[in-house]
Protein chains: 2
Amino acid sequence: MAFRSEILIKLDKKGRVLLPAAFRDELPADDRGAFVLYHSPNVAGVVNGNSRSGFDAMLERLRIEALGTKGALKVALDDEAFDPAGYLSASARTIALEPDGRFTMPTEFAETLDADDGVTLVGKGDKFQLWNPARWQARRDADRQKMAAFVRGLSAGEA
Amino acid sequence: MAFRSEILIKLDKKGRVLLPAAFRDELPADDRGAFVLYHSPNVAGVVNGNSRSGFDAMLERLRIEALGTKGALKVALDDEAFDPAGYLSASARTIALEPDGRFTMPTEFAETLDADDGVTLVGKGDKFQLWNPARWQARRDADRQKMAAFVRGLSAGEA
DNA sequence: GGAAATCCCATGATATCCCATTGTATCCCG
DNA sequence: CGGGATACAATGGGATATCATGGGATTTCC
């Protein structure tokens with residue numbers, strides 16, 4: 001289960017988006033009917049996606065990581081303390097897939113993306129992202145530079 | 001069964017509130033007709049909600065983990081000892097859902113929320129919360145900062 | 001008997017279902 | 001290996017169902 005590739009998908013006037021077959025195939029076989037979209041916790045304009053189980057697994061890791069000295073029970077009861085997993089849950093929505101693999105983009109995410117007629121789906125391995133196509137181009141170009149520099153750094157260290 | 005998303009719902013002049021479909025769908029299939037509301041144990045103005053079974057499971061966990069088997073037994077018999085699960089039970093009410101998914105907000109919770117024409121429902125995974133919309137905005141903005149800081153902290157540790 | 005809760009019906013907006021089209025892979029057959 | 005034939009991917013659009021909400025009418029309960 002690893003999301004790969006980068007695909008530009010139409011956003012039709014009804015607000016529907018196709019989850020490409022390459023991504024649908026990465027959803028767990030027993031839960032292909034729905035997945036999760038959630039706002040990026042630290043990048044405005046980016047929406048993340050994952051299978052329900054993938055999202056839940058991330059929350060689980062988060063809880064363990066963030067718990068520290070506090071017990072799970074305290075986190076469950078304490079409404080005052082900041083709870084990263086709870087924060088992500090609030091920013092997430094379960095999205096039902098139509099039989100043909102499309103879904104209706106909720107308004108909140110459409111606004112975040114600020115996309116009018118298309119969305120770029122980007123595989124990130126253990127999750128995927130939705131980008132405004134133009135913004136993604138810019139980001140990818142920037143990443144290309146960083147990747148080249150990163151690889152240079154690797155070879156230097158190995159020599 | 002995980003409550004997600006954040007939805008602003010009208011509170012009409014009859015005091016009715018809609019439990020959104022996204023939340024109703026997370027109630028156990030065999031118990032969709034009612035759920036539980038209870039006051040936050042440590043934040044004034046916040047009301048928590050869960051399925052009946054979810055609420056019961058939390059109380060059970062509280063009894064076992066916080067008190068131990070012996071302690072739970074003691075609390076069951078000793079009316080003098082403080083019983084956190086009993087305290088929560090007293091602050092809770094079972095709420096019946098109308099066929100169309102709405103419920104009448106009990107006065108005690110309406111007063112706690114201090115909401116006049118709307119309530120924000122917030123999914124927290126294991127439970128959900130009702131907030132006064134304005135107060136929720138403030139809380140969410142604060143949480144957004146904390147989330148960004150939390151993410152920064154993670155990447156620093158990894159480097 | 002009257003306030004509060006419940007039932008029922010109405011409505012606009014959105015989401016879902018279903019069918020159709022087109023292009024591109026994939027398959028099959030000799 | 002060529003040449004359709006076939007399957008499936010991606011998209012468009014009409015019809016239908018469901019969601020969220022308002023409000024009248026009826027019931028419930030001290």
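Each chain gets a letter, A, B and so on, in the order the sequences are listed, and its residues count up from 1. It should be emphasised that the depicted structure is a prediction, and the values quoted were computed from it without experimental measurement.
At D:dG23, one or more side-chain N or O atoms of B:K13 fall inside 4.0 Å of OP1 or OP2 (strictly under the cut-off). A sub-4.0 Å separation between OP1 or OP2 of D:dC19 and a side-chain N or O of B:R24 is present. The shortest distance between the side-chain N/O atoms of B:T104 and the OP1/OP2 oxygens of C:dA4 is not below 4.0 Å.
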Check step by step if side-chain contact (heavy atoms from CB on, under 4.5 Å) holds for B:F150 and A:L62. CA-CA 11 Å; B:F150 178 79; A:L62 231 192; 3.2 Å; yes
Does the side-chain contact (heavy atoms from CB on, under 4.5 Å) test come out yes or no for A:S51 and A:D31, once each step is laid out? CA-CA 8 Å; A:S51 66; A:D31 190 23; 5.7 Å; no
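Taking only side-chain atoms of B:A21, from C-beta outward, the nucleotide of D:dA10, D:dC19, D:dG14 with the closest atom is D:dC19. The side chain of A:P99 sits closest to C:dC17 out of C:dC17, C:dC8, C:dT16. Of the candidates D:dT21, D:dG24, D:dG22, D:dT21 carries the atom nearest the B:I9 side chain, counting heavy atoms from C-beta on. Comparing atom distances between the A:R102 side chain and each of D:dA25, D:dT21, D:dG13 picks out D:dG13 as nearest. Out of D:dT11, C:dT16, C:dT6, the shortest distance to the side chain of A:K14 is found at C:dT16. Proximity note for B:K10 (side chain, C-beta onward) versus D:dA20, D:dT11, D:dT21: the nearest is D:dT21.
Summarising the geometry, the separation between CZ on A:F23 and P on D:dC8 is reported as 21 Å, rounded to the nearest angstrom. The separation between B:I95 atom CD1 and C:dT6 atom P is 10 Å, rounded to whole Å. In this structure, CD1 of B:I7 is placed 19 Å from P of C:dA13, rounded to the nearest angstrom. Between A:L121 atom CG and D:dA10 atom P there is a gap of 10 Å when expressed in whole angstrom units. Computed from coordinates, the B:L97 CG to C:dA5 P distance equals 15 Å when rounded to whole Å. In this structure, CG of B:D100 is placed 12 Å from C1' of C:dA10, rounded to the nearest angstrom. Taking atom CE of A:M105 as the reference point, atom P of C:dT16 lies 13 Å away to the nearest angstrom. Between the P atom of C:dA15 and the CG atom of A:D12 lies a distance of 12 Å, rounded to the nearest Å.
Electrostatic pairing of B:R144 and B:D141 counts as a salt bridge here, judged by a charged N lying under 4.0 Å from a carboxylate O. A salt bridge between B:K14 and B:D12 is absent, with no side-chain N of the basic residue lying under 4.0 Å from a carboxylate O of the acidic one.
Ranked by how close their nearest DNA chain D nucleotide is to the 5' end, B:E98 and A:L18 are led by A:L18.
We find the CZ-CG distance between A:R24 and A:L19 to be 6.5 Å, quoted to the nearest 0.5 Å.
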